[in-house]
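Below is one structure, written out as structure tokens; comments come after it.
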Protein chains: 2
Amino acid sequence: MKRLGRTERLRAGQTFRWEDDEVAVVGTLRVGALKIGASLSDGREQILGLVLPGDFVGRLSATGAAHRVTAAVDSTLCVFRRSRFADFVHCNPELEHALLDRAFAELARARDRMLLLGRKTAGERVASLLLELAERSGIPHGGRIALPLTRGEMADLLGLTIETVSRKITALQRAGTVALPDPRGAIVRDREALRIAAFA
Amino acid sequence: MKRLGRTERLRAGQTFRWEDDEVAVVGTLRVGALKIGASLSDGREQILGLVLPGDFVGRLSATGAAHRVTAAVDSTLCVFRRSRFADFVHCNPELEHALLDRAFAELARARDRMLLLGRKTAGERVASLLLELAERSGIPHGGRIALPLTRGEMADLLGLTIETVSRKITALQRAGTVALPDPRGAIVRDREALRIAAFA
DNA sequence: CGCAGCCTTGATATTTGTCAAACAGAGTGG
DNA sequence: CCACTCTGTTTGACAAATATCAAGGCTGCG
């Protein structure tokens, strides 16, 4: 596939500029991790989803609301101008179908997260997050998972507070389900136990 | 536009059959209200979204997870076989684009709901729901809004319990923000106050 | 060293859930 | 027409989960 985008780098904490100079863009994450966020006017914050390498990022529909996209860690992504991308899609109907699939996969993840936020306990939420990160990062059982989020960001993703995340994560450690070599890494010791802790 | 679907009726409480006889289907809601639900194995339930008249319903992507769709009240919808629908879409590229837009609108609503579930208080949640129903049903200010949900279903949508929904709804009534002529109807007395109660 | 940011832990407060009871309306059958 | 029951709602007292407040620790860095 011909490359049509340009590479862009984001330092941790930087927010992606949708309207770069003139026109909205879309892109693909190459390395790092982005967080899609929303917030209330009094400062309460919710992370709606994570973008990990390989994932698509962008405002595909002109009508869709633009959410804030911020780099959780230093990241590089490949961005296209929206207009040029639209032409390209127009010439490749297959691609539009693939995008539709991608959109629905994202929707499915959004729905899982709604179940998590609406009905899971604090312990189940942090176990679910660790499990998701373990599965999406494709690290083999027993390997160290890099956590692209601080405790505070995990809290904003899970609808909890920093302190509760910290307590529940150490509870999983005490139970022997995970090990925490350092605050930004985790090792799943017993994936089955983690799955049980995550669900119900 | 030529009609290609058949009409199907669902009584309140009935679950939509995805695999009718042979093949998955998609459709459009004509009258009534559907709830898209997910649940945990121990019975905890979460309503992920509402389908109101005019909305699209279906599993567009073969890869997307199929969620349970149940009629909240007696409903009628127009359904197509997936295969025939796919052909039709293939012949009308415009349509696929419209569907993509629709999917992103739904995603945006899903994200609003995540913010609600993760970060809003109980009172803000029920106010948000009443506001959404008022706005989506297009009833003028002061008119009676038909609530297509029981208190229990509202609770499952908002990630609360029946009792909490009941208490917060009567609190809004006591504040003069809404009136409750009967449990299945509501009148917004002060939309601005409701908006304030819903947000932050 | 000493600061700054992030993490952990503890004590306490607040919100929301749980359990229980009573109430209201709709349908049903005597 | 009147019990009677069934389902959904409201309300109260209490319990449990999580948030808040506060302190202290660790690590990296100027």
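Quick caveat: nothing in here was measured; it's all calculated off a predicted structure. Letters go in sequence order (proteins before strands), and every chain restarts at 1. FYI, side chains are in, hydrogens and waters are out, and symmetry mates aren't considered; it's all heavy atoms of this structure.
Every residue two or more places apart in sequence or in another chain that forms a side-chain hydrogen bond (donor to acceptor under 3.5 Å, both in side chains) with A:Arg119 is listed here: B:Asp156. B:Thr170 pairs by the side-chain hydrogen bond (donor to acceptor under 3.5 Å, both in side chains) definition with nothing, not counting sequence neighbours. When the salt bridge (Lys or Arg N to Asp or Glu O under 4.0 Å) test is applied to A:Glu153, the partners found at least two apart in sequence or on another chain are A:Lys35. Scanning for side-chain hydrogen bond (donor to acceptor under 3.5 Å, both in side chains) contacts around B:Glu45 gives B:Arg68, with sequence neighbours left out. A:Arg195 is linked by a side-chain hydrogen bond (donor to acceptor under 3.5 Å, both in side chains) to A:Glu135, counting only residues two or more places apart in sequence or in another chain. For A:Ala171, the side chain to side chain contact (heavy atoms under 4.5 Å, CB included) criterion is met by no residue, not counting sequence neighbours.
Looking at A:Thr177 and A:Leu130, their side chains never come closer than 4.5 Å, going by heavy atoms from C-beta outward. Counting only heavy atoms from C-beta outward, the side chains of A:Leu117 and A:Arg125 approach each other to under 4.5 Å.
Clustering of Ile, Leu, Val, Met, Phe, Trp and Tyr by side-chain heavy atoms under 4.5 Å joins A:Leu115 with A:Phe199, B:Leu40.
No more than 12 heavy atoms of other residues, nucleotides or ligands shown are found within 6.0 angstrom of CZ on A:Arg9.
Of the residues in residues 117-125 of chain B, those with a non-hydrogen atom less than 4.0 angstrom from any atom of DNA chain C are B:Thr121, B:Ala122. Non-hydrogen atoms lying under 4.0 Å from DNA chain D are contributed by A:Thr161, A:Glu163, A:Thr164, A:Arg167, all within residues 161-174 of chain A.
Grouping the Ile, Leu, Val, Met, Phe, Trp and Tyr side chains by contacts below 4.5 angstrom, directly or via other members, places B:Leu131 with B:Leu116.
Look at CG on A:Leu180: it is 10 Å from P on C:dT9, rounded to the nearest Å. Rounded to an integer number of Å, the gap from CZ of A:Arg44 to C1' of D:dT20 is 15 Å. D:dG28 atom C1' lies 14 Å from atom CZ of A:Arg184, rounded to whole Å. For the pair B:Arg151 CZ and C:dG17 P, the computed distance is 16 Å after rounding to whole Å. In this structure, A:Leu158 places its CG atom 15 Å from C1' of D:dA19, rounding to the nearest Å.
Between the CG atom of B:Leu34 and the CD atom of B:Gln14 there is a distance of 11.5 Å, given to the nearest 0.5 Å.
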Distances for protein N or O near nucleotides 12-14 of chain C N or O, under 3.5 Å:
none

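Axis angle, first five pairs versus last five pairs of the helix from C:dC1-D:dG30 to C:dG30-D:dC1: 20°, rounded to 10°.
Pairs engaging residues 165-176 of chain A under the salt bridge (charged side-chain N to carboxylate O under 4.0 Å, His left out) rule: none recorded [sequence neighbours left out].
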